[in-house]
2 protein chains.
Amino acid sequence: MLKISELSEQTGLSAHTLRYYEKHGLINASNRSEAGYRFYNDSDLRRVQFVKTARNTGFSLADIGQLLSIRVDKRSHSCQDVTDITQKKLLEVNAKLTELQSMQQTLELLLESCCGGPENATHCSIMEALDAGLLREDNKEARLIK
Amino acid sequence: MLKISELSEQTGLSAHTLRYYEKHGLINASNRSEAGYRFYNDSDLRRVQFVKTARNTGFSLADIGQLLSIRVDKRSHSCQDVTDITQKKLLEVNAKLTELQSMQQTLELLLESCCGGPENATHCSIMEALDAGLLREDNKEARLIK
DNA sequence: TATAACCTTAGAGCCAACTCTAAGGTCAAT
DNA sequence: ATTGACCTTAGAGTTGGCTCTAAGGTTATA
């Protein structure tokens, strides 16, 4: 039986975070001392580790809530239930990736276009590009003007 | 001279957002009617467009504040001042990209490993992977167990 | 028995960038 | 003169995931 500080050590999650997860229905201490101290058993620990792993994978706490309810009753759920959640998450991640890649490209083009030197910014091509609206929508491809 | 709703139309930013940007010192209406209505001139419009472009490029409002203070007095700033901000942003974007790419890879591996079919989740390999801690730190590379 | 290091709870605060509300004033058209 | 569409402000609410505080109770050690 682990106290919350010990569970915190084992998992790398703060006691605050563990209580927060409990408040949001993700985890629980299966026992309490007379004084109300939480005590976690092995099964509790594994559940917390599941949550942590899912979190690292990018799942939101809401997603994890769904995954956990599958986890406690696997018989009543299908593999498709699981892949649906995973697929949805992958789509979100891919959307974010696309957005960030576009930013990355723009920033790289901006940096290439500018000398970056100590001369004053009167003709700075980054400032000019931002002033000019930066992007032109040609051929469905956003690209830096000039 | 544009009223705020007209500037909103021109820029695609809501009147709420325009007032919010003003409150945070990014933009301003160079004139007001007797009754206090904001009126924007061409220079105001260009500044708002600059903000919007910078926003689309991924810069935070704080970054944009810095870029704007360069913009109004280019003579007192160097190209390096501009590239410093841009470079910092690029590093942030790259860090986020790395994180998301790792999530993407994990999610794809999970999806590959699971049948995704209507059979019950008793032996679902995604659930098993999440239960097992999913990742092993071998050779500094996170990879899916099995 | 005193002290320090734990534990409890409810609830507030943080972050960024909006987004919206309330309560009221203005303006153009009917 | 009245509608309805605008405008103003200060300030509250939203999102997600923590993070922290206050005020108090418990436990182990000296």
Side-chain angles (χ1 to χ4, degrees), chain A residues 1-40 44 48 51-68 85 88-89 92-93 95-96 99-100 103, chain B residues 1-40 44 48 51-68 85 88-89 92-93 95-96 99-100 103:
Chain A
M1 291 299 216
L2 302 168
K3 280 191 293 180
I4 198 164
S5 61
E6 293 161 343
L7 183 64
S8 169
E9 253 178 74
Q10 294 275 320
T11 59
L13 300 170
S14 76
H16 280 304
T17 297
L18 292 168
R19 289 191 205 98
Y20 174 82
Y21 285 174
E22 180 181 309
K23 190 157 59 180
H24 287 72
L26 298 181
I27 65 172
N28 224 329
S30 42
N31 294 287
R32 290 273 185 147
S33 76
E34 288 196 1
Y37 284 28
R38 291 169 178 81
F39 283 118
Y40 299 91
D44 296 336
V48 173
V51 171
K52 193 192 177 189
T53 300
R55 216 47 213 97
N56 288 343
T57 308
F59 289 108
S60 69
L61 299 189
D63 293 334
I64 295 172
Q66 292 190 64
L67 291 170
L68 285 168
I85 296 169
K88 196 193 101 233
K89 188 73 222 170
E92 287 170 28
V93 167
K96 204 89 188 52
E99 199 189 329
L100 281 168
M103 285 179 193
Chain B
M1 291 298 217
L2 302 169
K3 279 192 293 181
I4 197 165
S5 61
E6 293 161 342
L7 182 63
S8 169
E9 253 178 74
Q10 294 275 320
T11 59
L13 301 170
S14 76
H16 280 305
T17 297
L18 291 168
R19 287 190 205 98
Y20 173 83
Y21 284 175
E22 180 180 309
K23 190 155 61 179
H24 287 71
L26 298 181
I27 64 172
N28 225 327
S30 43
N31 293 287
R32 291 273 186 146
S33 76
E34 288 197 1
Y37 284 29
R38 290 169 178 81
F39 283 117
Y40 299 91
D44 297 334
V48 173
V51 171
K52 194 193 177 188
T53 301
R55 214 52 210 93
N56 288 342
T57 308
F59 289 108
S60 68
L61 299 190
D63 293 333
I64 294 172
Q66 293 190 64
L67 290 170
L68 285 168
I85 296 168
K88 195 191 102 234
K89 187 75 221 171
E92 287 171 29
V93 166
K96 204 91 189 55
E99 198 189 329
L100 282 168
M103 286 180 191

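Source: prediction; values computed, not measured. Chain naming here is simple, since letters A, B, ... match the order of the sequence lines and numbering starts at 1 in each.
Under a 3.5 Å cut-off, the side chain of A:Thr11 and the backbone N or O of A:Leu13 do form a donor-acceptor pair. At distances below 3.5 Å, not a single donor-acceptor pair connects side-chain atoms of A:Asn31 with backbone N or O atoms of A:Phe39. Between the A:Thr57 side chain and the A:Phe59 main chain, no donor and acceptor come within less than 3.5 Å of each other.
Mapping A:Ala62 and B:Ile4 onto DNA chain D by nearest heavy atom places B:Ile4 closer to the 5' end of the strand.
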Counting primed atoms, P, OP1 and OP2 as sugar-phosphate and everything else as base, the B/S/- map of nucleotides 24-30 of chain C against protein heavy atoms under 4.0 Å is -BBS---
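Remark: A:Arg38 pairs with A:Glu22 by the side-chain hydrogen bond (donor to acceptor under 3.5 Å, both in side chains) rule, at least two apart or across chains. By the side-chain hydrogen bond (donor to acceptor under 3.5 Å, both in side chains) test, B:Asp63 pairs with B:Ser60, B:Lys88, sequence neighbours left out.
Side-chain N/O atoms of B:Thr17 and B:Ser14 include a donor and acceptor closer than 3.5 Å.
Defining each end axis of the helix from C:dT1-D:dA30 to C:dT30-D:dA1 as the rotation carrying four pairs' C1' atoms onto the next four, with five pairs an end, the two axes are found to diverge by 30° to 10 degrees.
Aromatic pair B:His16/B:Tyr20: centroids not less than 6.0 angstrom apart.
Along DNA chain D, read 5' to 3', the first and last nucleotides having any atom under 4.0 Å from a heavy atom of chain A are D:dG17 to D:dT27.
To the nearest 0.5 Å, atoms OH (B:Tyr37) and CD1 (B:Ile4) are separated by 11.5 Å. The distance from atom CD1 of A:Ile85 to atom CG of A:Leu67, rounded to the nearest 0.5 Å, is 4.5 Å.
DNA chain D is contacted by B:Arg19, B:Lys23 of residues 16-24 of chain B, taking any non-hydrogen atom closer than 4.0 Å.
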